[in-house]
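So the structure is just underneath, and the comments pick up after that.
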Amino acid sequence: MPASLLLPALRETLSLQRPRTATATGKTGAASTSRASFHFTDVADQAGLGHATNVFGGVTRKRYLLEELGCGLAFFDYDNDGWLDLFLVNGTRFEGLSPEHPPTNFLFRNKRDGSFTNVTEKAGLTRSGWGQGCCVGDYDNDGFDDLVVTYWGGIVLYHNNGDGTFTDVTEKAGLLQKEPIPRWNTGCCFVDYDRDGLLDLFVANYVNFDPPSAPQPGDSQYCRYFGLSIGCGPQGLSGGTNILYHNRGDGTFEDVSERSGVVVPRGPAVPTFVSDQWIPAGSYGLGVCAADFDNDGWPDIYVACDSVASRFYHNNHDGTFEEVGSEIGCALDGNGKAQGGMGVGVGDYDCDGWLDIIKTNYSDQTANVYHNNGDGTFYDAVFQAGLGANTKYLGWGVGLFDFDNDGWPDIFMSNGHVFPEVDARKLHVTFEQRKIVYRNLGHGRFADVTAISGPAVTQPRPSRGMAFGDFDNDGDVDVAVINMNEPPSLLRNDSPSRTNWLKVKCIGTKSNRSAIGARVRVVTGRHSQMNEVLSGSSFLSQNDFRLHFGLGRARQADLVEVRWPLGLMESFKNVKANQLLILQEGHGITRRQKLGA
């Protein structure tokens, strides 16, 4: 293991870690399993989302890998009214679409009554193309969160004008991509990697794909699946190259991918074969997330990679990174094999003060539960955690959130196969698949409670990206899901659990205005939990910036502690439950709000 990951950085946990000894009620022991039910209701139609159909490749057959991945989405408050709005990335097709009415992305404004109105055209977001993912962050620190959308063929930076509209500033910002073969940009996240108070931008890339030269179904062994002739890849295609853009502070960005160490040499320029063994090159990156995994105060970057080792870029504190995923145990499965990584969820599932990683993978593989060992390494605890049985599902979106407010983060996954053709055969997999919900039992293990979480969870759908946030401001975490070639799902959390909660909205002053990288710790009795403000995660998606903490039956948080991205520590005692705290860096609690009011 590289010395850069060891002490002294790990001596300083910045007062954010505490050993887990109790539940959120303050009583020693594991969380009760008697309240094991979640219940989610799909309210997309009544919320006004029923006509927002996702368009992505062929419906019954897909010739190319590009048609298989699908899109992400974002929960974010673009107009600063205290209610989450919803942005949906959209795709296209190679044939069969009217050129006069191409599919576009969608922006829905929250009407503050549990429903949304389509403001896409008014907002200036009617772009069409092979959309992939999105991420949010206030890159110019003007108080309004901006939006990045990734595409096969480029990325787009939309500046939030603060009046309900956005302006495409991609060229002005220096983010146009002019390569002869279109870049396949996928997951993205804003991150202040050099801690200068300005948000930089990380963009993952998948494979090098060009339709005129792309292999056709059946062309090779990588174009067949259980006897079916299917779209080829990613095996046999060279991997793309991840990108890091540095924010210059004048509205423009500079590509520092090579200088920072994000471009990692991995074998030859194109895949080669030795004794029929595929040797990959490039990143094959999909889901991404940036967070401080080793508690040294500097954000690292994790990339879920498809069919090759995933990547962990450790921040060296000098503007450079070291890729150490395989060395520290979060790049492969427990047997040392690469998997088909798709989405990334980040959170402290065992409440020990260290951020863990949940990764979704291809079908016939387990997910990964990379437990943070607190010494710069991870351990894949998927079987110990109870997530090893569901291997027939192909996972995409994923999140670690406390859905029943008992003080322990639960897990929600979206699933769906990449080949519609599998439905023509009686195989062990189907194209449409149910979602999976795991309840945290509080001792490092989870229980699969999918079957009792409601029809909205168990109904098979061709799902892809997921975003998490409290869209109706009722104190629990809801879920939005992209469904390929169908309208989205909006899963309202109707959990019967009568437990308390606290939300924290962080606003940076010297740190970036979105407070991306701010870490909050909440203590109730002997129970301590923490989370971090993140840009981008899940599968190509963006979650609510407001941090959510279940408090169980505790009527107050004994301590709320925040570590701002540039290092300032602030703490607040005896904070009442069931409210939103708005914290401003250096100014403490500037507002308390009862949600829904």
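Everything numeric here is computed off the predicted structure, so don't read it as measured data.
Atom OG1 in Thr509 sits 8.0 Å away from atom CG in Leu568 (nearest 0.5 Å). The line from CG of Asp194 to OG1 of Thr320 is 11.5 Å long, rounded to the nearest 0.5 Å. Here Leu534 contributes atom CG and Leu547 contributes atom CG; the two are 8.0 Å apart, rounded to the nearest 0.5 Å. The OG atom of Ser453 sits 6.5 Å away from atom CZ of Phe38, with the distance rounded to the nearest 0.5 Å. Once rounded to the nearest 0.5 Å, the distance linking CE of Met342 with CG of Leu394 reads 5.0 Å. Atom CZ of residue Arg513 and atom CD1 of residue Ile507 lie 6.0 Å apart, to the nearest 0.5 angstrom.
Ring geometry for His314 versus Phe312: interplanar angle under 30°, hence parallel rather than tilted (30 to 60°). Note on ring orientation: taking the six-membered ring where Trp is involved, the planes of Phe40 and Phe412 are perpendicular (angle over 60°, cut-offs 30° and 60°). Relative ring orientation between Tyr139 and Phe253 is described as tilted, the plane-to-plane angle lying within the 30° to 60° band. Using cut-offs of 30° and 60° on the angle between ring planes, the pair Tyr349 and Phe446 is tilted. Under the 30°/60° scheme for interplanar angles, the aromatic rings of Trp298 and His317 are found to lie parallel.
In this structure, Arg563 pairs ionically with Asp292, as a charged nitrogen and a carboxylate oxygen lie closer than 4.0 Å. For the pair Asp470 and Arg546, the salt-bridge criterion is not met [side-chain N within less than 4.0 Å of a carboxylate O].
Closest approach of Ser528 and Cys351 over heavy atoms only: O-CB, 3.3 Å. Closest approach of Ser511 and Trp564 over heavy atoms only: OG-CB, 4.1 Å. Leu551 approaches Ala577 most closely through the heavy-atom pair CD1-CB, 3.6 Å. Between Gly388 and Thr391, the shortest heavy-atom contact is O-CG2, 3.5 Å. Across all their heavy atoms, Val398 and Gly345 have their closest contact at CG1-N, 3.3 Å. When all heavy atoms are compared, the tightest approach of Leu73 to Ala480 is CD1-CB, 3.5 Å.
Within the 3.5 Å criterion, the main-chain N or O of Asp380 finds no donor-acceptor partner in the side chain of Asn368. With hydrogens and angles disregarded, a donor-acceptor distance shorter than 3.5 Å links the side chain of Asn247 to the backbone of Leu199. Not a single donor-acceptor pair under 3.5 Å links the side chain of Ser283 to the backbone N or O of Gly239. The backbone N or O of Ala515 lies less than 3.5 Å from no partner atom in the side chain of Glu585, so there is not a single donor-acceptor pair. A distance-only check finds a donor-acceptor pair linking the side chain of Arg195 to the backbone of Gly297 [under 3.5 Å]. Listed for the Asn315 side chain is no donor-acceptor partner under 3.5 Å among the backbone atoms of Asp300. A donor-acceptor pair under 3.5 Å is formed between the side chain of Asp255 and the backbone N or O of Ser257. Judged purely by atom type and a 3.5 angstrom limit, Ser541 has no side-chain atom pairing as donor or acceptor with the backbone of Gly465.
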- Query: Which is it for Ile155 and Leu201 under the side-chain contact (heavy atoms from CB on, under 4.5 Å) test, yes or no, and what are the steps along the way?
  - Reply: CA-CA 11 Å; Ile155 62 175; Leu201 178 64; 4.1 Å; yes
- Message: Between Arg434 and Thr450, is the side-chain contact (heavy atoms from CB on, under 4.5 Å) condition met? List the steps.
- Response: CA-CA 9 Å; Arg434 71 174 190 177; Thr450 306; 3.9 Å; yes
- Item | Step-by-step side-chain contact (heavy atoms from CB on, under 4.5 Å) determination, Leu286 to Leu69 | CA-CA 9 Å; Leu286 291 174; Leu69 292 192; 3.7 Å; yes
- Item | CA sep, side-chain torsions, deciding dist, call: Asn578, Trp501, side-chain hydrogen bond (donor to acceptor under 3.5 Å, both in side chains) | CA-CA 5 Å; Asn578 303 327; Trp501 51 270; 3.2 Å; yes
- Test side-chain hydrogen bond (donor to acceptor under 3.5 Å, both in side chains) applied to Ser537 and Asn543, step by step: CA-CA 7 Å; Ser537 63; Asn543 301 322; 3.1 Å; yes
- Message: Could you walk me through whether Leu566 and Asp192 satisfy the side-chain contact (heavy atoms from CB on, under 4.5 Å) test, starting with their C-alpha distance in whole Å, then the side-chain angles of each, then the deciding distance to 0.1 Å, before giving a yes or no?
- Response: CA-CA 9 Å; Leu566 298 189; Asp192 184 7; 4.2 Å; yes
- Task: Take Arg439 and Asp406, measure what salt bridge (charged side-chain N to carboxylate O under 4.0 Å, His left out) needs, and give me the verdict at the end.
- Result: CA-CA 10 Å; Arg439 182 172 187 266; Asp406 68 349; 3.0 Å; yes
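Using modelled atom types, one finds no donor on one side chain facing an acceptor on the other under 3.5 Å when comparing Asp333 with Gln365. Using modelled atom types, one finds no donor on one side chain facing an acceptor on the other under 3.5 Å when comparing Gln132 with Tyr206. In this model, no donor atom of one side chain and acceptor atom of the other lie less than 3.5 Å apart for Ser495 and Asp404. Looking at His548 and Asn531, their side chains never bring a donor and an acceptor atom within 3.5 Å of each other. A donor atom on one side chain and an acceptor atom on the other are found under 3.5 Å apart for Asn185 and Asn205.
A heavy-atom distance below 4.5 Å is found between the side chains of Asp476 and Asp474. Residues Glu561 and Val523 form no side-chain contact, since every pair of their non-hydrogen atoms from C-beta on lies 4.5 Å or further apart. Proximity of Lys435 to Val481: side-chain heavy atoms (C-beta onward) are separated by under 4.5 Å at one or more points. Taking the side chain as every heavy atom from C-beta outward, Val303 and Tyr313 approach each other to under 4.5 Å. Under the 4.5 Å side-chain criterion, counting only non-hydrogen atoms from C-beta, Phe545 is not in contact with Asp77. Side-chain contact check for Cys330 versus Tyr302: some heavy-atom pair is nearer than 4.5 Å. When side chains are defined from C-beta on, Leu540 counts as touching Thr186, because their heavy atoms get closer than 4.5 Å. Under the 4.5 Å side-chain criterion, counting only non-hydrogen atoms from C-beta, Phe87 is in contact with Cys134.
In this structure, Phe321 has its ring center under 6.0 Å from that of Tyr193.
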